[in-house]
Number of protein chains: 2
Amino acid sequence: MVVALTDYLQERQEQFNKELVKVMEQVKAPERLRGSMIYSLTAGGKRLRPILMMASCESFGGNLSLITSSSIAVELIHTYSLIHDDLPSMDNDDVRRGKPTNHKMFDEATAVLAGDGLLTYSFELIASDDSLTYDQRVFLINQLAHAAGPMGMVAGQMEDMKAEKEEVDLSTLEQIHALKTGQLIKFAILAGAYLGGATNQQLTSINDFAYYLGLIFQVQDDILDVTGDPELIGKPVGSDESNSKSTFPSLLGMDGAIKQKEKYVNLAKQSLKKAGIRHSVLEELTDYLSSRNH
Amino acid sequence: MVVALTDYLQERQEQFNKELVKVMEQVKAPERLRGSMIYSLTAGGKRLRPILMMASCESFGGNLSLITSSSIAVELIHTYSLIHDDLPSMDNDDVRRGKPTNHKMFDEATAVLAGDGLLTYSFELIASDDSLTYDQRVFLINQLAHAAGPMGMVAGQMEDMKAEKEEVDLSTLEQIHALKTGQLIKFAILAGAYLGGATNQQLTSINDFAYYLGLIFQVQDDILDVTGDPELIGKPVGSDESNSKSTFPSLLGMDGAIKQKEKYVNLAKQSLKKAGIRHSVLEELTDYLSSRNH
């Protein structure tokens, strides 16, 4: 099972990377800007959001060719958010996935513009996808812009910076992560289900599933920052503690964080059951994300 | 005529500002983020792009209620571009329109996020505008994302930074401005004409008109940086020269720049004639932008 899933992930990653390269060849941007965008897009991301979108689409028996533009769009937006988050005025990170961050490899101005360019192009990509109907494109753009915007991911980053200076409770921590990382994960799963042909009722359940999956992802991230192998996760461990950042382990203790994660896993699986896709690859991915070591 | 146009501009500005406030009330973002976005949105902009969109829509006999979301979207994107351009890593400007720039009033991280939020929300705004058909929304989003993205405005900003370190010729200067300021002006005029009911042939001519109008705007900007009144333009003059920036006057001399502007004015008016809207408010606006003192 685990071996099969690892194969599945690798196959999907490779498939996605091929499509990404093909699409980015159409972006006739100035050389340095283009290089900077491509650098971060190909810096070894796990392609989690595109893979979740594919898995969600397949779970409803959908045609994967329909999700190409949306899956690339969500990865472009994820990548832009990393570039801007790493900036000296934000998290001031020099290394990401074992490589120099965008502003270290290029310069700050280029990194700001590369992020702006990736974000903007993601909408052009969906809007110009002729394999989708007009109403499908509008639905996807509306959802993606909301998820990534000032009431979604950008709000989450803002709240996260604020929380660094104060102690927060569990519900605030959940809210920050639901915005900061959860919204894009939710979009990925929702878009896959929508283009896969899910009913409105199924979309509601899959939305709940996506909410819990986002939290599972984040708890595990926090746990890995304490117990992970720096070689495997591609960054130093213990940074949350040295930054006095509120995390699930800092709020609940390590045992409490693990129990909280198990609670989310159960709730996620219940939502899958409600959506009528209990034994799908999404269930396997839930267990995988809950126990991943990088 | 000039008095009537001044009244027209003021009336349109007020109308737009009311709609802008109403729309931004729907953005339930974290307080500081929201405050930062509103600060730059209401810092005294001329609303040139929305007004051009209105004028273009009216010239084709269109219904102004259709352009509300697009006119706000283009102003949101214009504002985001100013916030990011002013950042220390970019133009490093402390003052804009006589007020502290966004990162001076708030902080750099907030300014980056406010820009990201404005950019992203502009697409949500059009995608969720139920007064437009799905294909209208897709057309507008596609055009706007292309105009603002890595092959449009972002490319222009990148090329502009590169040009600061080298001397450029007239055609390169035209190309930079056609991207950096021209693309959004072009979108504004195109969107107004499209929603106003222009035919495809008229859209082609109006596109040419918008191209020249963008250049007229920029030549006059360069001229004002030499001969303008700092009180009226809200920033010090002579900054282009002290930054050794290539401008129309630096390349062609002041007389040459004025002649070049007249050439663009003639070409702009010819395009209006071709579009069949010779005596429209767009023609008055062309003369106004060509002779403005701020």
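Sequence lines set the chain letters: A, B, ... in the order given, protein chains first and strands last, and positions in each chain run from 1. Hydrogens, waters and symmetry mates play no part in the numbers below; they use all other heavy atoms, side chains included.
Residue with the most contacts toward chain B among A155(A), G149(A), A29(A), P30(A): P30(A) (heavy-atom pairs, distance under 4.5 Å). Ranked by heavy-atom pairs shorter than 4.5 Å toward chain B, the options M153(A), H103(A), E159(A) are led by E159(A). Counting heavy-atom pairs closer than 4.5 Å to chain A, the top-ranked of the candidates A111(B), G115(B), A127(B) is A127(B).
Under 3.5 Å, the side chains of D107(B) and S89(A) contain no donor-acceptor pair of N or O atoms. Side chain to side chain, N207(A) and T204(A) fail the donor-acceptor criterion of an N or O pair below 3.5 Å. Between the side chains of S69(B) and D129(B), a donor-acceptor pair is found at a separation under 3.5 Å.
Going from atom CG of N102(A) over to atom CD1 of I83(A) covers 4.5 Å, rounded to the nearest 0.5 Å.
No part of R34(B) comes within reach of chain A, as not one of its non-hydrogen atoms sits under 4.5 angstrom from that chain. Contacts of E31(A) with chain B are absent, with no heavy-atom separation under 4.5 Å from either backbone or side chain. Looking at Y80(A), the atoms closer than 4.5 Å to chain B (heavy atoms on both sides) all sit in the side chain, from C-beta outward. In this structure, the portion of H84(B) lying under 4.5 Å from any heavy atom of chain A is its side chain and not its backbone. In this structure, chain A has heavy atoms under 4.5 Å from both the backbone and the side chain of L113(B). Residue contact with chain B, scored on non-hydrogen atoms closer than 4.5 Å, involves the backbone and the side chain of M158(A) alike.
Ionic pairing of D135(B) and R137(A) is not present here: no N-O contact between side-chain nitrogen and carboxylate oxygen is shorter than 4.0 angstrom. Taking the charged nitrogens against the carboxylate oxygens, D160(B) and K245(B) do have a contact shorter than 4.0 Å, which makes a salt bridge. A salt bridge between R49(A) and E75(A) is absent, with no side-chain N of the basic residue lying under 4.0 Å from a carboxylate O of the acidic one.
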